[in-house]
Amino acid sequence: MATLVTLPSLPPAWSPPSELASSISPLVQRRLIPAGAAYLAHIKRTLNNHTFDEYDQQLEEERKRLELLNADGLNGEDDLGVGDEEESPELLLLDAKEWKKQDHYQVLGLSHLRYKATPEQIKIAHRKKVLKHHPDKKAGASHTTNDDAFFKCIQKANEVLTNPERRRQFDSVDPICLSLEEDDPSASDFKGREKDTALFFKTFAPIFEREARFSKKTPVPMLGENDDSKENVHAFYDFWYNFDSWRSFEYLDKEVNEGSDNRDDKRYTEKKNKSERARRKKDDITRLRNLVDLTLGLDPRIKRIKQEEKEAREAKKKTKGGMSAAEQKAKAEEDKRKAEEEAQRKEEEEKVARAEAKKAKTAAANAAKKARRQQRAADTDEAAPS
């Protein structure tokens, strides 16, 4: 409710200034445009249907969030939930000179993302680590730490992971990936459990998902489900038996001796590195091929498809010619009887033919014998004296 205020009266000696009229501007009609912080706040409250208290609470929560971000040195930028992994004592004691042996993702706190980490996530994770381990920030602290060396490890990790080519080389020999490959299953792991469908998919599906990232061709077919069609199953194995991998092994190359200017040493080292890369590539292709062979041999879908094809062939054979099974059986017995009769007839004909041939041979022999007797008798008559 409004309060009535009574103003005091003017003093009796007061008089208006003589130049008052000349200092007052003339009346002008102006157009007011809705703008400013108060107007924007009004619009936000209206659009979100907020009361003044709700709007003030929202502003307070946003202020606290920005303060937390600013405390991490990100100037209000979303930290994307990276770079906060726990740092083990072994990690902090890494030797910067042995940077090729370090896990760059672990150094930047990206172990949970690894090859899936985006450039923006790598950038933010690196910034957090720099703010935490920069030598200037540690000035005056205890000298028992290894922050200077670890800071160099951070810089090297960022250098590798922000370079697409070098990151791909590192991803090819990712230590976590290599350790997982050593644990790949073998046929002995499924001995006595060949019919365990759930175990088959649980074991092999993550392996092919892991290997798919090395493919030059996309999209990459995954292992799929137990009820996949014959076409999908065959397409899966066709793709993986012809898998074209971009994986390389340059990251493991041996460096030329530092300070050596000997060209022969450089040529020898380059030749040896090239040979080792080719050997590792060949071994990797063989490893993957053996893995696909093992998967094919244990795949319950292949057994199901073969059984379905066998049943289809038998069904087709049963319905061939439009005859029922009983009719087919009767026809088969009739054909068998006719074949036996035909064989018996041929055998009798051959027996008769053999008998006729023997009779003719005997007759010819008797005729020859008779002719010889007649010839001898004629010769005897001619030799007798007259």
Side-chain angles (χ1 to χ4, degrees), residues 112-116 171-248 280-336:
H112 62 297
L113 294 173
R114 308 201 72 78
Y115 68 92
K116 296 180 180 179
D171 285 341
S172 296
V173 296
D174 188 327
I176 299 299
C177 181
L178 294 178
S179 65
L180 291 174
E181 289 173 4
E182 293 176 358
D183 296 332
D184 281 349
S186 61
S188 60
D189 296 330
F190 287 84
K191 190 174 182 180
R193 306 180 69 182
E194 293 85 354
K195 296 182 180 180
D196 193 336
T197 302
L199 177 63
F200 171 81
F201 286 99
K202 181 180 179 181
T203 302
F204 288 100
I207 294 176
F208 283 100
E209 182 179 354
R210 182 191 74 208
E211 297 290 338
R213 65 191 179 97
F214 295 121
S215 176
K216 290 182 180 178
K217 299 177 182 178
T218 55
V220 180
M222 293 293 101
L223 186 60
E225 303 293 339
N226 188 40
D227 57 353
D228 282 349
S229 65
K230 174 183 175 181
E231 291 73 18
N232 289 345
V233 174
H234 286 177
F236 170 81
Y237 285 105
D238 287 343
F239 181 91
W240 284 95
Y241 270 119
N242 297 282
F243 190 77
D244 190 8
S245 173
W246 55 257
R247 194 174 188 182
S248 62
R280 291 188 179 103
K281 183 72 172 179
K282 183 178 179 181
D283 290 346
D284 185 62
I285 293 173
T286 302
R287 176 193 63 80
L288 185 59
R289 175 58 66 91
N290 292 338
L291 180 65
V292 178
D293 286 341
L294 177 62
T295 307
L296 179 65
L298 295 171
D299 196 335
R301 300 171 300 180
I302 297 297
K303 299 172 185 177
R304 185 201 74 209
I305 291 170
K306 288 183 178 179
Q307 181 63 27
E308 291 173 353
E309 291 176 345
K310 181 180 178 181
E311 292 174 356
R313 287 195 301 270
E314 291 178 352
K316 184 177 180 180
K317 189 182 296 184
K318 289 179 180 179
T319 58
K320 186 176 181 181
M323 295 184 293
S324 65
E327 292 173 341
Q328 289 183 10
K329 183 177 180 181
K331 185 177 183 302
E333 291 177 352
E334 179 68 16
D335 292 342
K336 182 180 179 181

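- Considering only residues two or more places apart in sequence or on other chains, H112 meets the side-chain hydrogen bond (donor to acceptor under 3.5 Å, both in side chains) condition with E85.
- Taking the side-chain hydrogen bond (donor to acceptor under 3.5 Å, both in side chains) definition, one finds that D335 meets it with K331, sequence neighbours left out.
- The side-chain hydrogen bond (donor to acceptor under 3.5 Å, both in side chains) test applied to S188 returns S186, not counting sequence neighbours.
- Salt-bridge annotation for R287 and D284: present, with a side-chain N of the basic residue lying under 4.0 Å from a carboxylate O of the acidic one.
- Looking at heavy atoms from C-beta onward, R280 lies out of side-chain contact with V173 at the 4.5 angstrom threshold.
- In this structure, S245 and K281 have side chains that are in contact, with non-hydrogen atoms separated by less than 4.5 Å.
- Residues passing the salt bridge (charged side-chain N to carboxylate O under 4.0 Å, His left out) test with D189, sequence neighbours excluded: none.
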Throw together a table of side-chain donor-acceptor distances under 3.5 angstrom for residues 295-302, partners on residues two or more places apart or in other chains.
unit_1: T295; atom_1: OG1; unit_2: L291; atom_2: O; d: 2.8
unit_1: D299; atom_1: OD1; unit_2: R301; atom_2: N; d: 2.9
unit_1: D299; atom_1: OD1; unit_2: R301; atom_2: NE; d: 3.0
unit_1: D299; atom_1: OD2; unit_2: Y237; atom_2: OH; d: 2.6
unit_1: D299; atom_1: OD2; unit_2: R301; atom_2: NE; d: 3.2
unit_1: D299; atom_1: OD2; unit_2: R301; atom_2: NH2; d: 2.8
unit_1: R301; atom_1: NH1; unit_2: L223; atom_2: O; d: 2.6
unit_1: R301; atom_1: NH1; unit_2: E225; atom_2: O; d: 3.4
unit_1: R301; atom_1: NH1; unit_2: D228; atom_2: OD2; d: 3.3
unit_1: R301; atom_1: NH2; unit_2: L223; atom_2: O; d: 3.2

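- Between Q307 atom CD and E311 atom CD the span is 4.5 Å, to the nearest 0.5 Å.
- Partners of F239 under the ring-ring contact (aromatic ring centres under 6.0 Å, His included) rule, at least two apart in sequence or in another chain, do not exist in this structure.
- Rounded to the nearest 0.5 Å, atoms CG (D171) and CG (D174) are 6.0 Å apart.
- Between the CZ atom of R213 and the CZ atom of R114 there is a distance of 8.5 Å, given to the nearest 0.5 Å.
- At least one side-chain heavy atom of W240 sits under 4.5 Å from a side-chain heavy atom of V220.
- Ion pair E308/K230 not flagged as a salt bridge, since none of the NZ, NE, NH1 or NH2 atoms sits closer than 4.0 Å to an Asp/Glu carboxylate oxygen.
- Here the side chains of F208 and P221 are not in contact, with every heavy-atom distance at 4.5 Å or above.
- Among residues at least two apart or in separate chains, there is no ring pair (Phe, Tyr, Trp, His ring centres under 6.0 Å) pair with a member in residues 290-313.
- The salt bridge (charged side-chain N to carboxylate O under 4.0 Å, His left out) test applied to E209 returns no partner, not counting sequence neighbours.
- Taking the charged nitrogens against the carboxylate oxygens, E181 and R247 do have a contact shorter than 4.0 Å, which makes a salt bridge.
- By the salt bridge (charged side-chain N to carboxylate O under 4.0 Å, His left out) test, E231 pairs with no residue at all, sequence neighbours left out.
- For residues 173-192, the set of pairs meeting the ring pair (Phe, Tyr, Trp, His ring centres under 6.0 Å) definition, not counting sequence neighbours, comprises F190-F204.
- One finds a salt bridge joining D184 and R210 here, because a Lys/Arg side-chain nitrogen approaches an Asp/Glu carboxylate oxygen to under 4.0 Å.
- Each of Y115, F243, W246 was compared with F214 under the ring pair (Phe, Tyr, Trp, His ring centres under 6.0 Å) criterion, and only W246 meets it.
- Partners of E182 under the side-chain hydrogen bond (donor to acceptor under 3.5 Å, both in side chains) rule, at least two apart in sequence or in another chain, do not exist in this structure.
- With sequence neighbours excluded, the residues forming a salt bridge (charged side-chain N to carboxylate O under 4.0 Å, His left out) with D244 are K216, listed by chain and number.
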